[in-house]
Amino acid sequence: MIHHDVIVVGGGLSGLRAAIEAKRAGVDVAILSQVHPGRSHSGQAQGGINAALGNHPDGRDDNREKHAFDTVKGGDFLVDQDCAVQMAEDAPRVIYEMDHWGCPFSRFEDGTIAQRPFGGAGFPRCCYGADKTGHYLLHTLVEQAYRLQVKMYVEQYVASLIVHEGVCQGVVAYDMIRGGFEAFTANAVVIATGGAGRTYSNTTNSLISTGCGMFMAYHAGVPLKDMEFVQFHPTGLYTTQILMTEGARGEGGYLINDKGERFMEKYAPKFMELAPRDITARSIQIEINEGRGIGGKGYVHLDLRHLGAEKILERLPGIRDLAIHFEGVDPIEEPIPVVPSQHYWMGGIDTDVNGATVMPGLYAAGECACVSVHGANRLGGNSLLETIVFGRRAGAEVVRYLETLTDRRPNARSAFAAAQMMEQKVEELGVREGKENAYELRAVMTEVMKDHFFLFRDEAAMREGLERLLQVKERVKNINLRWTGSVFNVDMIRTVELEGMVDLALCVAVGALERQESRGAHFRTDYNTRDDLNWLKHTLAYYQPDAAGPRLDSKPVTLGHFELQERKY
Ligand SMILES: Cc1cc2nc3c(=O)[nH]c(=O)nc-3n(C[C@H](O)[C@H](O)[C@H](O)COP(=O)(O)OP(=O)(O)OC[C@H]3O[C@@H](n4cnc5c(N)ncnc54)[C@H](O)[C@@H]3O)c2cc1C
């Protein structure tokens, strides 16, 4: 059994930033991560991070209030407005902090941090480092964590929480290198495990974005919030769904249909290609569904050719490489085939503005959390911002929490029992007679999510999807674990996490069926308008061990800063 004051699960931007904040306050903090922190999904982020710095010549009138308003409107007013105001307020400070820590942001001629236009924003406020912003931010924080000597346990798969008398006191982790489960006790745990994109087959997300932290918290009794709101990015590569950043449109790229039209003119005449993602993704899908995909096929074109080779090579070199290697298309010469693809999880572990959950000792930050600053639709550039702003806030809150504790000794018996339970569970999986295969079932689940809970939803299709998910949940009970070796058993990890992923999928399904309106990314063809009278509220999903799906509840949205209005772009 290993003990630290604070354990952070996940070494992406949010986990690193939380750990750095706690460590700077003198707390003994350790990060546990399935992969080396520098390989977290944060490193894939391309386009940029928002802050109202007003550096761009067209952005001089920008300010924090306007950033907060764009965020609230972008989220179709399901955003907790106090949280959006706080994020916009903290944004310039965290950007300058990253700058001072050595993050190589792109620059304007006058030496200020460069900013580009992004979707749904009234001003060019997205700070970037070419099209590798996430990589630069992540490595800057990895360096800081090393400098501060934050303890890192890498290739540790966290499988469950240790909860003693309703208080979180650590985690149980599978040591991938040495084999076996170990209890890590702590006085506080911060979950920072990222999104759950891998529950969809058509996703831009990394293989490890499986929502582990969300279902661990959910299974321990903490509610998940607004899970029906899943973001579909307008431009994934046609054959692999690898992301083509919104920055490509921010730099002036066009979306073109088979008739050669910039079709966004019909859907968002003012913002055009830089309308919020939900609107742009649906517009693309309408073009495809109505036969105006390129050559009648299931994609449209992202055309960058008019930007010229110099601009593409300077601002979008990574996009060009990806298009060449994965789609066989050089954007300098040819337009890129793109399709809407699952991208981001607006919902997640219900937290307050400092990352605290309802369970004492348990905190969450980043994509796995729902603060909520994205409401029904996240604006591009606001997620990287969220990870750093709320990672930092969660780290600070944990330090305050530790100061209130009188007894700092986690219960060893509970910790030991939790580790033993995981050992037993895996042993049972290995000797089961079941005939089901985890990979086949995962494929069924991810296709159901793509086919039934994608851009356009309706009662009949969702009911059918729910039925199919319930069947998957039954079949998961009969999975037979093929490989039972103790070292680097990825087979075991994929099997154990499938159960949790199906539960997350069920939260999406049940929440989406329940919400009889269209708001942001949740669009129902049978209830195609926003209904503030009945649905201006957050959905809370609670785990029910004895039932197939979640119990739903709701809680009010925090208003007070901005008036509700119709969303037009
Ligand atoms: C391709 C792509 C491009 C993007 N571009 C942008 C952009 O330009 N701007 C923007 O604002 N947002 C962007 N986003 C979104 C943004 O990058 C993510 O939401 C954000 O980086 C998530 O950070 P995180 O810290 O929450 O988690 P991640 O960076 O996903 O890190 C999760 C960490 O948790 C660990 N982990 C997970 N499960 C376990 C477990 N069971 N046990 C132990 N460790 C575990 C992983 O090892 C990893 O270290 C993009 C997302 C993608 C996929």
Side-chain angles (χ1 to χ4, degrees), residues 7-18 31-51 116 118-119 126-129 131-138 141-142 152-161 171-174 176 184 190-198 203-216 231 233 235-237 241-248 250 277 318-319 322 341-346 348-349 364-369 374 378-388 390-391 394 493 496-497 500:
I7 280 176
V8 177
V9 186
L13 284 171
S14 50
L16 286 163
R17 191 60 192 84
I31 292 177
L32 268 71
S33 182
Q34 195 179 348
V35 296
H36 183 276
R39 296 182 61 82
S40 303
H41 187 69
S42 294
Q44 303 293 311
Q46 303 167 348
I49 174 166
N50 295 336
R116 59 167 49 126
F118 242 54
C126 194
C127 309
Y128 61 93
D131 56 359
K132 301 182 173 68
T133 316
H135 182 80
Y136 293 159
L137 293 169
L138 187 64
L141 287 190
V142 169
M152 292 187 202
Y153 297 91
V154 174
E155 287 172 330
Q156 292 278 348
Y157 175 80
V158 174
S160 64
L161 300 176
V171 300
V172 174
Y174 165 61
M176 294 165 72
F184 286 77
V190 181
I191 298 183
T193 48
R198 283 280 151 182
T203 181
T204 65
N205 284 196
S206 303
L207 282 171
I208 54 168
S209 300
T210 53
C212 292
M214 292 185 209
F215 60 70
M216 275 189 290
Q231 178 160 82
H233 197 288
T235 58
L237 282 182
Q241 284 81 56
I242 289 175
L243 185 75
M244 294 287 102
T245 175
E246 188 167 300
R277 289 179 177 174
I319 289 305
L322 290 170
S341 313
Q342 191 290 335
H343 184 59
Y344 183 82
W345 220 261
M346 264 80 71
I349 302 166
E367 191 171 337
C368 68
H374 308 306
R378 166 176 81 85
L379 291 189
N382 266 353
S383 170
L384 289 179
L385 179 62
E386 174 195 25
T387 61
I388 301 183
F390 294 101
I493 293 178
V496 167
E497 73 189 0

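Whatever order the structure lists them in is the order used to number ligands and atoms, beginning at 1.
Contact between Gly48 and ligand 1 is present, with at least one heavy atom of the residue lying under 4.0 Å from the ligand.
For atom 39 (C) of ligand 1, the nearest non-hydrogen atom from the set Glu155, Lys132, Arg17, Gln34 comes from Gln34. Scanning Gly194, Gly15, Ala192, Gly381 for the heavy atom closest to atom 33 (C) of ligand 1 points to Ala192. Closest heavy-atom approach to atom 12 (N) of ligand 1 among the candidates Ser383, Gly38, Gly211: Ser383. The residue from Gln156, Glu386, His374, His343 that puts a heavy atom closest to atom 50 (C) of ligand 1 is His343. Closest heavy-atom approach to atom 14 (N) of ligand 1 within the set Glu497, Gln241, Arg378: this belongs to Arg378.
Counting heavy atoms from C-beta outward, Gln44 and Thr204 have side chains that stay 4.5 Å or more apart. Two residues are said to be in side-chain contact when any heavy atoms from C-beta on lie closer than 4.5 Å; Arg277 and His343 meet this criterion. Looking only at side-chain heavy atoms (C-beta outward), Ile388 and Ile49 come within less than 4.5 Å of each other. Residues Gln46 and Leu322 meet the side-chain proximity criterion, which asks for heavy atoms closer than 4.5 Å.
Within the 4.0 Å heavy-atom criterion, neither part of Thr133 lies near ligand 1. When non-hydrogen atoms are compared, ligand 1 lies under 4.0 Å from the side chain of Cys212 (C-beta onward) but not from its backbone. Here Val35 has heavy atoms under 4.0 Å from ligand 1 in both its backbone and its side chain. At a heavy-atom distance under 4.0 Å, atoms from both the backbone and the side chain of Leu384 approach ligand 1.
Any N or O atom pair closer than 3.5 Å counts here, and Gly11 shares at least one such pair with ligand 1. Considering backbone and side-chain N/O of Ala45, none are found under 3.5 Å from N/O of ligand 1. Polar contact with ligand 1: absent for Thr387 (N/O pair, distance under 3.5 Å). For a threshold of 3.5 Å applied to N or O pairs, the pair formed by Ser33 and ligand 1 contains at least one separation below that value. For ligand 1, the polar-atom distance check against Thr245 finds no nitrogen or oxygen pair separated by under 3.5 Å. Ligand 1 has no nitrogen or oxygen under 3.5 angstrom from a nitrogen or oxygen of Phe118. In terms of polar-atom proximity, defined here as any N/O pair under 3.5 Å, Gln44 makes no such contact with ligand 1. At least one N or O atom of Ser40 sits closer than 3.5 Å to an N or O atom of ligand 1.
For atom 3 (C) of ligand 1, the closest non-hydrogen atom on the protein side is Leu243 CD2, 3.2 Å. The protein heavy-atom contact nearest to atom 29 (O) of ligand 1 is Ser42 OG, 2.5 Å. Closest to atom 51 (C) of ligand 1 among all protein heavy atoms lies His41 NE2, 3.3 Å.
Each of the atoms 25 (O), 29 (O), 31 (O), 33 (C), 49 (O) of ligand 1 lies under 4.0 Å from some heavy atom of Gly12. Of all atoms in ligand 1, listed by their number and element, those nearer than 4.0 Å to a heavy atom of Asn205 are 53 (C). Ligand-side atoms of ligand 1 in range of Gly47: 8 (O), range being under 4.0 angstrom from any heavy atom. Each of the atoms 19 (O) of ligand 1 lies under 4.0 Å from some heavy atom of Tyr344. Every atom of ligand 1 with a heavy atom of Gln46 under 4.0 Å away is listed here by number and element: 5 (N), 8 (O). Taking every heavy atom of Gly366 and a limit of under 4.0 angstrom, the matching atoms of ligand 1 come to 26 (O). Ligand 1 places these atoms under 4.0 Å from at least one heavy atom of Tyr157: 41 (N), 42 (N). For ligand 1 and Asn382, the ligand atoms under 4.0 Å from any heavy atom of the residue are 11 (O).
For the atom pair CG of Asn382 and SG of Cys126, the computed distance is 8.5 Å after rounding to the nearest 0.5 Å. Atoms NE2 and OG1, from His41 and Thr387 in turn, are 11.5 Å apart once rounded to the nearest 0.5 Å. Annotation: the span from Phe118 atom CZ to Glu246 atom CD amounts to 5.0 Å, rounded to 0.5 Å. From Phe390, atom CZ reaches atom CG of Leu385 across 8.0 Å, with rounding to the nearest 0.5 Å.
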Evaluate the side-chain contact (heavy atoms from CB on, under 4.5 Å) criterion for residues Gln241 and Gln342: first the C-alpha distance (whole Å), next the side-chain angles of each, then the deciding distance (0.1 Å), finally the verdict. CA-CA 8 Å; Gln241 284 81 56; Gln342 191 290 335; over 6 Å; no
Pair Ile493-Gln34, side-chain contact (heavy atoms from CB on, under 4.5 Å): steps then yes or no:
CA-CA 10 Å; Ile493 293 178; Gln34 195 179 348; 4.2 Å; yes
For a side-chain contact (heavy atoms from CB on, under 4.5 Å) check, start with the C-alpha distance between Thr203 and Arg198, then their side-chain angles and the critical distance, and finish with the verdict.
CA-CA 7 Å; Thr203 181; Arg198 283 280 151 182; 3.8 Å; yes
Walk me through whether Leu138 and Leu16 qualify under side-chain contact (heavy atoms from CB on, under 4.5 Å). CA-CA 8 Å; Leu138 187 64; Leu16 286 163; 3.7 Å; yes
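Residues passing the salt bridge (charged side-chain N to carboxylate O under 4.0 Å, His left out) test with Arg17 are Glu21, Glu97, sequence neighbours excluded.
Shortest non-hydrogen contact noted between Trp345 and Glu367 is N-OE2, 3.1 Å. Heavy atoms only, all atoms of each residue included: Leu243 and Ile319 are closest at O-CD1, 4.0 Å.
Looking only at atom types and distance, the side chain of His374 has no donor-acceptor partner in the side chain of Gln231 under 3.5 Å away.
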